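Step one of this worksheet: look at the structure below.
Treat the numbers as computed from the prediction; the structure is a model and nothing was measured.
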Amino acid sequence: RAGANCAKQTRRSEPAVHTLSTLETMSGAILALHICTFLAWTGGVAATTWFILRNYMRHSSNATEEHFAGGRSLKWYVCAGSLMLTNLSTEQLVGLNGAVFKDGCLAGIWWEAGAAIAMIATATVFLPKYFALGLTATTGFLGERYDLTMRTIVSVIFLIYYSLVLCPLVLYSGALAIRDIFDLDVPLWVVSTFIGLLGAAYALFGGVKGIAVSDCMYGIGLLIAGLWVPIAALQVLPGGVTSLFEEGSSYLQPLVATSITLQPQTDDSLIRESGVPSVPWHVTLTGLFLSNMYYWSTDTVIVQRVLAAESLSHGQKGMLFAAIMKVVGFTLLCMPGIIGIMMVKGAVVVNGTVFKVDNPDEVYSRMVKALMPKWSLGFFCAVLLGSVLTTFNAALNSACTIFSLDIYQIYINREATDGRIVKISTIFGVLLALLSFVIAPQLARVGGIFNFLQHMNSIYSLPIVTVFFVGIVAALPDAFAAKVGFAVAVVTIVAGQFVPDLHYLDVFFICFLLAVSAMVVVTYIPVVRRVLRQEPQPSPYECTKTGVVDMTPWHPMYPIVGAILVLLTILIISLQLASFWLFVTFWCLWFLELVCLMFGATTSTPMADARSGDEEATVASSRGLESREASANGVVNAERAVSPAVGPKIVAPVLVNDN
């Protein structure tokens with residue numbers, strides 16, 4: 001999604017043209033085939049998800065644990081599939097390919113392949129911290145590391161963003177893409193509402209577990225359909241793959257300061273001339289890395305998929321599997337844009353018509369219309385719909401999780417039972433879905449909505465990634481330092497929006513450095529702390545919890561991490577130099593590493609069902625009471641007398657609701 005936020009461009013208004021829609025022009029038999037394939041795939045995913053949940057997924061006796069964390073029972077491959085599909089949506093299929101087409105180079109690949117670096121940081125650094133605390137949402141880390149106020153501030157920001165921006169935006173962009181690609185002559189609100197109803201069903205009644213399983217099912221179809229487009233495009237491109245490295249070598253470069261970009265003219269036409277691409281090379285390891293780290297390491301929508309893993313080992317393996325797939329994600333999300341440039345340049349004829357693109361955002365939809373067989377329309381529509389659902393239902397579920405555990409249970413009803421919390425979550429989800437249905441169609445009326453959202457995302461994410469980053473890497477900064485850093489981040493990033501001629505990712509990185517510096521000053525300089533009426537030396541944070549699942553790290557993790565970084569390096573060099581054989585070598589090594597990763601053993605020691613804090617206290621009290629009674633009766637081994645009475649031994653502290 002971070003790549004899509006950079007890639008989205010405002011669609012140009014075009015005069016209405018009275019033409020027959022796709023549905024009006026196709027024969028009854030073809031239309032029936034499309035409807036049947038659409039319903040077969042969509043219904044098959046729903047039925048398969050229900051069957052797997054019913055027969056193959058472990059269930060927790062704790063209602064909140066089951067609904068919000070999937071009973072902590074997800075295998076690594078389910079986590080990986082859910083991660084990839086939660087991240088992937090029509091915003092990227094359409095928006096990122098459009099950005100690459102406009103840039104005239106592969107600078108946008110850093111949103112895909114470059115994200116693997118942030119995912120490695122998540123697997124090796126962030127996940128052990130999160131799993132040790134037994135978190136359900138990432139905001140719980142801030143409550144444990146700093147204080148409840150810091151947790152609540154970030155929870156409210158997440159909640160507002162998910163409710164008013166992300167959920168409606170996903171419905172709007174998905175409905176727009178589906179309607180445009182298939183020329184559907186129906187109101188936008190009908191399509192967006194239909195998508196929202198399906199997504200809400202998975203999120204509200206299936207919980208994290210239902211979302212994760214359905215994501216994997218949709219992922220299979222999206223992989224097939226996603227690869228179909230560039231492969232079909234290469235078939236009509238003179239010279240095929242080799243022409244990309246011979247005639248289009250300049251288009252493949254991922255590290256550039258300037259490129260031949262599409263520039264709008266006064267008459268609303270577009271011509272290619274020298275300009276700055278969306279991701280110039282100097283921001284790749286600074287502002288872009290931080291933006292990726294915010295999304296992959298701190299955003300509850302994405303990290304919640306991994307927190308539901310049955311062990312730390314499964315979570316880390318799932319994240320690294322998603323990372324190695326992300327390295328090759330450019331084949332779906334960037335290469336169609338590059339191939340589209342060459343098809344336009346070469347005036348390639350497809351089905352008797354010269355291929356042309358009037359708007360960068362239309363390149364993917366034009367390629368689908370020109371290259372996909374007519375009989376595959378229903379299947380492709382179902383797959384495209386799935387890519388929208390996976391992001392929408394994940395955002396909806398995360399919003400419900402944060403409201404229920406961080407707002408309702410803490411500030412509204414501290415005595416709420418697990419069943420009550422899940423019920424409130426469902427009610428809130430229904431209201432949020434209805435709100436999204438209302439907001440989504442209205443986004444079509446806002447000019448420059450995508451550019452506006454691009455800047456707003458950087459404003460809200462900077463303070464969050466700052467306090468998370470410092471809280472992870474340093475033990476001394478306290479809650480006061482976090483609040484200072486948060487405030488400095490907000491002020492500087494807002495002010496940075498008014499600085500001309502400075503890339504927004506440069507602004508992001510500079511403001512991050514200023515915010516971290518402020519936290520360092522108010523933490524390590526006693527004079528400053530005294531002036532601000534704080535203790536001269538804050539107490540270092542120490543985590544005393546040991547997790548609610550098996551905390552054994554994945555043994556092959558670091559060799560796999562090294563191999564992913566080597567693969568990424570080879571890929572970037574092969575594209576920068578336009579070396580066909582080095583590119584082939586990359587794919588051979590990638591496949592080899594993928595096999596090694598898949599067969600790397602994971603550990604998962606069965607744990608007792610998670611209990612709430614009150615239940616844990618009750619168990620502890622009963623143990624102590626029975627132990628004293630056993631001692632009074634002269635029993636030598638009190639623990640032996642107690643164990644049968646209290647049930648299975650709890651091997652680790654339990655933190656269900658992150659309080």
Could you verify whether a donor N or O on one side chain and an acceptor N or O on the other, from [X] and [Y], lie under 3.5 Å apart?
| X | Y | answer |
| --- | --- | --- |
| Thr138 | Thr300 | yes |
| Thr136 | Gln304 | no |
| Tyr161 | Asp299 | no |
| His314 | Asp550 | no |

Among Leu83, Thr124, Val303, which residue satisfies the side-chain contact (heavy atoms from CB on, under 4.5 Å) criterion with Met319? Leu83
Exactly one of Leu462, Val283, Thr286 clears side-chain contact (heavy atoms from CB on, under 4.5 Å) with Phe508, and that residue is Leu462
For Ala123 and Pro128, work out which heavy atoms get closest and say how close.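 Shortest heavy-atom contact: O-CD, 3.7 Å.
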Where is the tightest heavy-atom contact between Leu96 and Gly108, given as atom of each residue plus distance? CD1-O, 4.1 Å
Under the side chain to side chain donor-acceptor pair (under 3.5 Å) rule, what do Thr86 and Thr391 come out as? Steps first, then yes or no, please. CA-CA 5 Å; Thr86 298; Thr391 303; over 6 Å; no
Decide side chain to side chain contact (heavy atoms under 4.5 Å, CB included) for Asn292 and Trp111; before the verdict, give the C-alpha distance in whole Å, the side-chain angles of both, and the deciding distance to 0.1 Å. CA-CA 8 Å; Asn292 277 331; Trp111 290 116; 3.8 Å; yes
Checking the side chain of Thr122 only, and the main-chain atoms of Ala118 only, is there a donor and an acceptor separated by less than 3.5 Å?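 Yes, because the side chain of Thr122 sits within donor-acceptor range (under 3.5 Å) of the backbone of Ala118.
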Main-chain N/O of Gly240 paired with Ser243 side-chain donor or acceptor, under 3.5 Å: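 Yes, because the side chain of Ser243 sits within donor-acceptor range (under 3.5 Å) of the backbone of Gly240.
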Between Phe583 and Phe245, does the ring centroid distance fall short of 6.0 Å?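 Yes, the ring centres sit under 6.0 Å apart.
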How about Tyr364 and Phe101: are their ring centres within less than 6.0 Å of each other?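 No, the ring centres sit 6.0 Å or more apart.
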Side chains of residues 593-601: which donor-acceptor pairs under 3.5 Å do they make with residues two or more places apart or in other chains?
| residue | atom | partner | partner atom | Å |
| --- | --- | --- | --- | --- |
| Glu593 | OE2 | Ile564 | N | 3.2 |

Taking [atom1] in [X] as the centre, count heavy atoms belonging to other residues, nucleotides or ligands within less than 6.0 Å. Is the count above 12?
| X | atom1 | answer |
| --- | --- | --- |
| Trp587 | CH2 | yes |
| Phe469 | CZ | no |
| His555 | NE2 | no |

To the closest 0.5 Å, what do you measure between [atom1] ([X]) and [atom2] ([Y])?
| X | Y | atom1 | atom2 | result |
| --- | --- | --- | --- | --- |
| Cys334 | Leu106 | SG | CG | 6.0 Å |
| Glu144 | Leu133 | CD | CG | 5.0 Å |
| Lys545 | Leu135 | NZ | CG | 9.5 Å |
| Ile109 | Leu252 | CD1 | CG | 9.0 Å |

Which pairs of donor and acceptor atoms, one on a side chain in residues 253-261, lie under 3.5 Å apart (sequence neighbours left out)?
| residue | atom | partner | partner atom | Å |
| --- | --- | --- | --- | --- |
| Ser259 | OG | Asp103 | O | 2.7 |
| Thr261 | OG1 | Gln263 | NE2 | 2.5 |
| Thr261 | OG1 | Glu273 | O | 3.4 |

Phe468, Tyr460, Phe512 screened by ring-ring contact (aromatic ring centres under 6.0 Å, His included) with Tyr294, the one that passes: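 Result: among Phe468, Tyr460, Phe512, Tyr460 is the only option passing the ring-ring contact (aromatic ring centres under 6.0 Å, His included) with Tyr294.
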